[in-house]
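Note sheet for the following structure.
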Amino acid sequence: MNWLRKWWIWLVLVLLLVAGGVAVKFWSKTNAAPEYKTSKIEKGAITASVSASGTLSAVRSVQVGSQVSGQLKEVLVDFNSEVKQGQLIARIDPETFQYKVRQAQADVDSARAQVMSQQANIAAQRAEVSRAEVNAADARSDLERKQQLMDKGFISAAERDKAQSTYNALAEQVKTAKAQVAVAQANAGGADAAVKQRLSVLAQANIDLERTAIKAPVSGVVIKRSVESGQTVAASLQSPELFVIAEDLTDMQVDTAIDESEIGRIRVGQKATFTVDAFAGRNFEGEVKQIRKAAQTVSNVVTYMVEVSAPNPGKDLLPGMTANVRVVTDARTDVLKVSNSALRFKPAGVAGSKTSAEAGRGERGSGARGNSGERAERSNGGGGGQNKALRERMEKDLQLSEDQKAKLDTIFSGSREKMTALREAPDAERGKLAERNRSEMQSQIAAILTPDQKKKYDDIAAEQSGRRGGNARGRIYVLDQHPQPKELPVQLGLSDGSMTEVMSPDVAEGLEVIVGVVQQGGSGKPAGGPGGPGGPRMF
């Protein structure tokens, strides 16, 4: 039994040793200093952009319809047919319209015959006038002779009176004949008017007959055909769509919807690139051609349509394709930039107010405007200090009048009231409301300026918003000699969604910054600070 007791003693000792080793290892892991994941500050180019999706379309597409109703006798083009301006592309059965032309022509001929009849009547009435005038002249001569004979006493007064009555009757006949001529001339005028009316009806009938031949209004490519031969076309209320012709597929455009929070960064002439699913990996280039001022609201989201040119010399792009557009709003070269994960990182147990970098998290995958009170105030035009600095610069650069200065003070006063109300808004809405307030303030300021002052103010507003210099604050962490995280405040500039421009006397190219903590006993992936996948977007 002694050997059995010794065996149990040894077993207990072994178990104690194993348990002690496990406890020591666990204690060492839980109390060991954390391992940090770092990356280097780089120097190079950085580009800020706005991304959106849109639809490709021809710059000019013409809907071809019919102005007359009838049955399509011929359809001479199909999808993708290239047509020239004036080319016959379809024909409506012209038989009915040909009969209308013939009837109208017959009416014209009848009206012209009536005109000839009235002209003959005028001639007859004029002949009657001449006859009446001759008779009246003869009666006047007879009256004058009898007057002389009566004066000499050769005839009685009764014979003279009889000659006077005859003359008076014939003179009235002359007046009647002339009136008949006037009536005949009026009838002839009515006949002429009837001819013109019949000619108008004939012209309209000929036009309707010509419209049965449907021709291409422009040169281009048929991208849509909505009818077949034998189909009846009804054009009583509105012109039906028969075809759609894209005038020039070598010059297309992308109609893309830009969110209201981003539209302030878009300018006509900015360069843009886009991709389509049909040509994966291929980038197409264009530029912003137009920013439409009409807003579109869908599910309480306000967007504005932006037209981006899309040169298509090879005609590879087709109307209706979905394009993923990237508009370059600003670009800089030879700047210091850091990974956005470094701006999101914050060591465990560190408390403090949010910086602009931390406030910039939470909206859109590539980083959005800040949703903290500090960032909201900056987006809205800032507090009293920033407004004062802006006012001083505007007075100096724009040479404001006294009236403009008074109006500017009123605008800044309203901005401060909105900023105060902004602090009470929910975090999720604060960034968008701040951007809206900022845009409203800039619009109000622009309204009180002259055209020359507006140009200079646009430069000031662009610089203030960060397109020409970053004023937002952030912080990064580096390892000191212990090594422990050490905070370095920085100013932020442009961001492309993954890297952000940083400016500070304490940062230099190649500086190691902390981007996360290596998880102990895990997969080794860095555990970053709080925040979403996107970094700050400053502009």
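Just so you know, these numbers use all the heavy atoms, side chains as well, and skip hydrogens, waters and symmetry mates. Numbers here are sequence positions counted from 1. Keep in mind it's a predicted model, so treat the numbers as computed, not measured.
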Query raised in the report: Taking the side chain from Glu128 and the backbone from Ala123, do they hold a donor-acceptor pair closer than 3.5 Å?
Result: no
Report task. State whether the number of non-hydrogen atoms from other residues, nucleotides or ligands found under 6.0 Å of Glu82 atom CD is greater than 12. Result -> no
Query raised in the report: Nearest heavy-atom pair of Gln253 and Val59: which atoms, and what distance?
Result: OE1-CA, 4.0 Å
Report task. Under the side-chain contact (heavy atoms from CB on, under 4.5 Å) rule, what do Ser53 and Val325 come out as? Steps first, then yes or no, please. Result -> CA-CA 6 Å; Ser53 62; Val325 183; over 6 Å; no
Query raised in the report: Should Thr273 and Lys271 count as side-chain neighbours, where that means a heavy-atom distance under 4.5 Å?
Result: no
Report task. Check the pair Leu56 / Leu318 against side-chain contact (heavy atoms from CB on, under 4.5 Å), numbers first and verdict last. Result -> CA-CA 7 Å; Leu56 275 161; Leu318 302 177; over 6 Å; no
Query - Spacing of CZ belonging to Arg332 relative to CG belonging to Leu494, to within rounding of 0.5 Å - result: 3.5 Å
Query raised in the report: Does the side chain of Ser341 pick up a donor-acceptor pair with the side chain of Ser339 at under 3.5 Å?
Result: yes
Query raised in the report: When you measure from the side chain of Gln125 to the backbone N and O of Ile122, does any donor-acceptor pair fall under 3.5 Å?
Result: no
Query raised in the report: Roughly how far, to the nearest 0.5 Å, is the CD1 atom of Ile223 from the CD1 atom of Ile245?
Result: 9.5 Å
Query - Where Ala235 and Ser69 come nearest, the two heavy atoms and their spacing - result: N-OG, 2.7 Å
Query - Partner residues of Phe243 under the ring pair (Phe, Tyr, Trp, His ring centres under 6.0 Å) criterion, sequence neighbours left out - result: none
Query raised in the report: For Glu287, does its backbone N or O pair with a side-chain atom of Ser309 as donor and acceptor, under 3.5 Å?
Result: yes
Report task. Measure the shortest side-chain to side-chain distance between Val276 and Leu317 over non-hydrogen atoms and say whether it is less than 4.5 angstrom. Result -> yes
Report task. Please lay out, stage by stage, how Val222 and Val83 fare under the test side-chain contact (heavy atoms from CB on, under 4.5 Å). Result -> CA-CA 7 Å; Val222 178; Val83 297; 4.1 Å; yes
Report summary line: Of all heavy-atom pairs linking Ser61 and Ala58, the shortest is OG-CB, 3.5 Å
Query raised in the report: Side chains of Val268 and Lys289: closer than 4.5 Å at any heavy-atom pair?
Result: no
**Report entry** pair Leu449-Leu398: side-chain heavy atoms closer than 4.5 Å
**Finding:** yes
Query raised in the report: Hey, does Val233 have a side-chain heavy atom less than 4.5 Å from the side chain of Ser66?
Result: yes
Query raised in the report: Any donor and acceptor pair, going by atom type alone, linking the side chain of Arg267 with main-chain N or O of Gly264 inside 3.5 Å?
Result: yes
Query raised in the report: Counting only N and O atoms by type, is there a donor-acceptor contact under 3.5 Å from the side chain of Asn312 to the main-chain atoms of Leu249?
Result: yes
Query raised in the report: Does a donor on one side chain and an acceptor on the other come within less than 3.5 Å for Asp255 and Ser57?
Result: yes
Query raised in the report: For Lys43, does its backbone N or O pair with a side-chain atom of Lys337 as donor and acceptor, under 3.5 Å?
Result: no
Query - Atom pair OG1 (Thr250) and NZ (Lys315), whose distance is rounded to the nearest 0.5 Å - result: 6.5 Å
Query raised in the report: Distance from Lys224 atom NZ to Gln63 atom CD, nearest 0.5 Å?
Result: 7.5 Å
Query raised in the report: Any sub-3.5 Å donor-acceptor pair from Gln71's side-chain atoms to Thr232's backbone N or O?
Result: no
Query raised in the report: Do Ser39 and Val515 touch side chain to side chain, with heavy atoms closer than 4.5 Å?
Result: yes
Requested in this report: In sequence, state the C-alpha distance, the side-chain angles, and the governing distance for Val288 and Ile266, and then conclude on side-chain contact (heavy atoms from CB on, under 4.5 Å).
Outcome: CA-CA 8 Å; Val288 176; Ile266 305 298; 4.1 Å; yes
Query - Test: Asp192 and Lys196 ion pair at under 4.0 Å - result: no
Query raised in the report: Does the distance from a Lys or Arg side-chain N to an Asp or Glu carboxylate O, for Asp316 and Arg282, drop under 4.0 Å?
Result: yes
Query raised in the report: Does Arg292 pair with Glu307 as a salt bridge, N-O distance under 4.0 Å?
Result: yes
Requested in this report: Please check if any side-chain donor atom of Gln453 sits under 3.5 Å from a side-chain acceptor atom of Gln404, or the reverse.
Outcome: yes
Query raised in the report: For Glu74, does the CD atom sit with more than 12 other heavy atoms under 6.0 Å from it, leaving out its own atoms?
Result: yes
Validation: residues 94-113 side-chain donor-acceptor distances under 3.5 Å, sequence neighbours left out:
from	atom 1	to	atom 2	distance (Å)
Gln105	NE2	Asp109	OD1	3.3

Requested in this report: Work out which heavy atom in Glu228 is nearest to a heavy atom in Leu72; give both atom names and the distance.
Outcome: O-CD1, 3.7 Å
Report task. Determine the minimum heavy-atom distance between Pro217 and Val64, stating which atoms define it. Result -> CD-CG2, 3.7 Å
Report task. Classify the angle between the aromatic ring planes of Phe274 and Phe284 as parallel (below 30°), tilted (30 to 60°) or perpendicular (above 60°). Result -> parallel
Query raised in the report: Is there a donor-acceptor contact under 3.5 Å from the side chain of Thr212 to the main chain of Asp93?
Result: no
Report summary line: Heavy atoms of Ala323 and Val254 approach each other most closely as CB-CG1, 3.9 Å
Requested in this report: Evaluate the side-chain proximity of Val75 to Arg225: yes if any heavy-atom separation is below 4.5 Å, no if none is.
Outcome: yes
**Report entry** Distance in Å, Met499 CE paired with Leu336 CG, rounded so as to fall on 0.5 Å steps
**Finding:** 10.0 Å
Query - Main-chain N/O of Val115 paired with Gln118 side-chain donor or acceptor, under 3.5 Å - result: no
Query raised in the report: Hey, are Asp259 and Ser261 close enough side-chain-wise for a donor-acceptor pair under 3.5 Å?
Result: yes
Query raised in the report: Hey, are Arg326 and Ser51 close enough side-chain-wise for a donor-acceptor pair under 3.5 Å?
Result: no
Report task. For the residue pair Asn324 and Asp277, establish whether any side-chain heavy-atom pair is separated by less than 4.5 Å. Result -> yes
Query raised in the report: How about Ser498 and Asn340: does a side-chain donor come under 3.5 Å of a side-chain acceptor?
Result: no
Query raised in the report: Judged by modelled atom types alone, do Thr450 and Asp452 share a side-chain donor-acceptor pair under 3.5 Å?
Result: no
Query raised in the report: Ignoring hydrogens and geometry, is there a side-chain-to-backbone donor-acceptor pair from Ser219 to Gln85 under 3.5 Å?
Result: yes
Report summary line: dist Ile258:CD1 -> Ile291:CD1 (nearest 0.5 Å) comes out at 9.0 Å
Requested in this report: Ignoring hydrogens and angles, state whether a donor on the side chain of Glu210 or Asn206 is under 3.5 Å from an acceptor on the partner side chain.
Outcome: no
